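Labels below follow one simple rule: chain letters A, B, ... track the order of the sequence lines, proteins then strands, and each chain is numbered from 1. What you see is a predicted model, and the numbers here were worked out from it, not measured in a lab.
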Protein chains: 2
Amino acid sequence: MLKEERQKYILDQVHLHHRVLLNDLSDSLNVSIDTVRRDVKELDHEKKLKKVHGGATSFGFMTFTKDDGNIYLKSKKISIAEKTISLLSDGQVILMSGGTTNMEVAKLIPKKLELTVFTPSLHVAMALLDHENVEVIFLGGKLLHDAKFAVGGTVVNALSQLRVDMCILGTGYLDAKFGLTEFDWEVIQVKQAMIRAAKKTVILTVSDKLHSVQKYKTCDMTAVHTLVTELDPSDPLLDTFRPFELVLV
Amino acid sequence: MLKEERQKYILDQVHLHHRVLLNDLSDSLNVSIDTVRRDVKELDHEKKLKKVHGGATSFGFMTFTKDDGNIYLKSKKISIAEKTISLLSDGQVILMSGGTTNMEVAKLIPKKLELTVFTPSLHVAMALLDHENVEVIFLGGKLLHDAKFAVGGTVVNALSQLRVDMCILGTGYLDAKFGLTEFDWEVIQVKQAMIRAAKKTVILTVSDKLHSVQKYKTCDMTAVHTLVTELDPSDPLLDTFRPFELVLV
DNA sequence: ATTAATTTTGCAAGTTTTTGCTGTTTTTGT
DNA sequence: ACAAAAACAGCAAAAACTTGCAAAATTAAT
């Protein structure tokens, strides 16, 4: 197994579980603990994850300690959020999924902007309610304990009766070949319904999550209209996505 | 378990409950009290929380209780919440409205209690999601900016299809003659639907709100099965409510 | 294809961290 | 003031980390 594959696997595991133990990694990768240790050390140095005693955690893990080492990731997300907001205009009706990037969008919406937002995310809803001129409609359903996100038939059903201007998907992994993928089946159902309900689909993703594939597929790249990352639109990392009819913001 | 996980759990608990006991932490984390003590000491040194004798508190809580003189009100509500929890049992399906008293109930639910809870309140939903064994279903709809509470046809509609064991109404003013009253018309609609959907109606109210009347009426006293206040059930202040078939907790 | 240079990997010895336990001191409530 | 609970300090075992080094694998060059 190549070193790159290993490190990618490690990153995926960290993103998936928010934390990993070096022992588990060494076990499932069939390499010595030293090798894993070195890999994690490297990834930590590249700010891709945070090495801790006995394992590693993702930056998003520490929800309450905002001023730790994840300033990099946070600033990326804010940059993405700012770009996203330029896509919005008065009177629009939009859908927003969950995720920390969408949270930043919700927080940064200008006070004067008049919007109607449907969302199944508790956190996003909460953040949106700070804005007097935003009408917030929560898509109710069974809530996932970890993601604070509503899933299930009620949500999908409610979405099937909507036809909104835009749908902003926050989390998720993106790959030119495999499209948008996730690791939670129930979330997939909701996101697919969101895409169906919207005229345009906007994907927000930090560049770390580009060229990554997870277990389940939400949609093809052809379903995506706009891709927002913190990278410059001309960045070569985005080349594989150019064949599609995307607006790279 | 990673040290980081532990500390995150501690921080989450502190932020959620505003105060934690070292013993409880040691218990639920399955580590020695010394380890918890060291963790809290560290977090205190990092200014993430405030260590106090026997436990820790969040910074926000301290200022809240000191500046606001409402420690009394808060302790009243906690007392009410504790009484309310004694009404709950494993496997029940219940409805919870919003309000700070219901929030306290949501926070204080024992970790082991298995419940299914429907609620239109963002705050209550958030607090409930802390409990692994509680299934939380959010009743979606248009959210009120101030109350963080879902109202409107969707909520009422969803409620009309439910038949649950109990409905716990948190806010509201109570009077023997005029029944339960509110000042928000849209909230009334939802509460009425909640009462219709439940076999039993439980009202939580601090004694300050007894014998008060607001603009709109939710229901008569005859619709109420149980009344929970911080007062002793034999308190003469409750005399006017005794003619009704109430359980005074 | 073979050899040399470079990188990567695994191992062992020594160091540091973490954790639970001991007994002692301090704090708290009555 | 006294008993109970909590905090502290020191200690020892276990787990995790570091470093240096040699074997193995990968890459580059002849």
Nearest of D:dC17, C:dT9, D:dA9 to any side-chain atom of A:Thr35? C:dT9

Whole-Å distance, B:Glu42 CD to C:dT19 C1', equals 13 Å

Which is true for A:Val52 with a 4.0 Å heavy-atom rule: it touches a base, it touches only sugar-phosphate, or it touches nothing? sugar-phosphate

Between C:dT9, D:dC8, C:dA12, which nucleotide gets closest to the side-chain atoms of A:Arg6? C:dT9

Determine the contact category for B:Leu22: base if any of its heavy atoms lies under 4.0 Å from a base atom, sugar-phosphate if only primed atoms, P, OP1 or OP2 are that close, otherwise nothing. sugar-phosphate

Taking CD1 from B:Ile33 and P from C:dC21, how many angstroms apart are they, rounded to a whole number? 12 Å

Could you check how far CG of A:Leu21 sits from C1' of D:dA16, rounded to whole Å? 12 Å

Checking side chain to side chain contact (heavy atoms under 4.5 Å, CB included) for the pair B:Met194/B:Ser97: CA distance, chi angles, key distance, verdict? CA-CA 8 Å; B:Met194 290 176 77; B:Ser97 75; 4.0 Å; yes

For the side chain of B:Lys3, starting at C-beta, report the closest nucleotide among C:dT19, D:dA6, D:dC8. C:dT19

Close side-chain approach of A:Leu248 and A:Leu227, heavy atoms under 4.5 Å: yes

Lys/Arg cation over aromatic A:Tyr173: A:Lys209, 6.0 Å, 45° cone: yes

Aromatic ring proximity B:Phe138/A:Phe138, centre distance under 6.0 Å: yes

Between D:dT18, D:dA6, C:dC21, spot the one nearest the side chain of B:Arg38, thanks. C:dC21

Atom-to-atom span, CG of B:Asp24 to P of D:dA6 - whole angstrom: 10 Å

Could you tell me the separation between the CG atom of B:Asp34 and the P atom of D:dA7, rounded to a whole number of Å? 10 Å

Rounded to the nearest angstrom, tell me the gap between atom CD in A:Glu4 and atom P in C:dT7. 15 Å

If we ignore hydrogens and angles and just use 3.5 Å, is the side chain of A:His145 paired with the main-chain N or O of B:His131 as donor and acceptor? yes

Whole angstroms only, please: what is the CZ-C1' distance between B:Arg37 and C:dT26? 12 Å

Reckon A:Asn23 touches a base, only the sugar-phosphate, or nothing at all at heavy-atom distances under 4.0 Å? sugar-phosphate

Using only side-chain N and O atoms of B:Lys51, determine if any of them is under 4.0 Å from OP1 or OP2 of D:dC8. yes

When the distance from CG of B:Leu29 to C1' of C:dG20 is rounded to whole Å, what number comes out? 15 Å

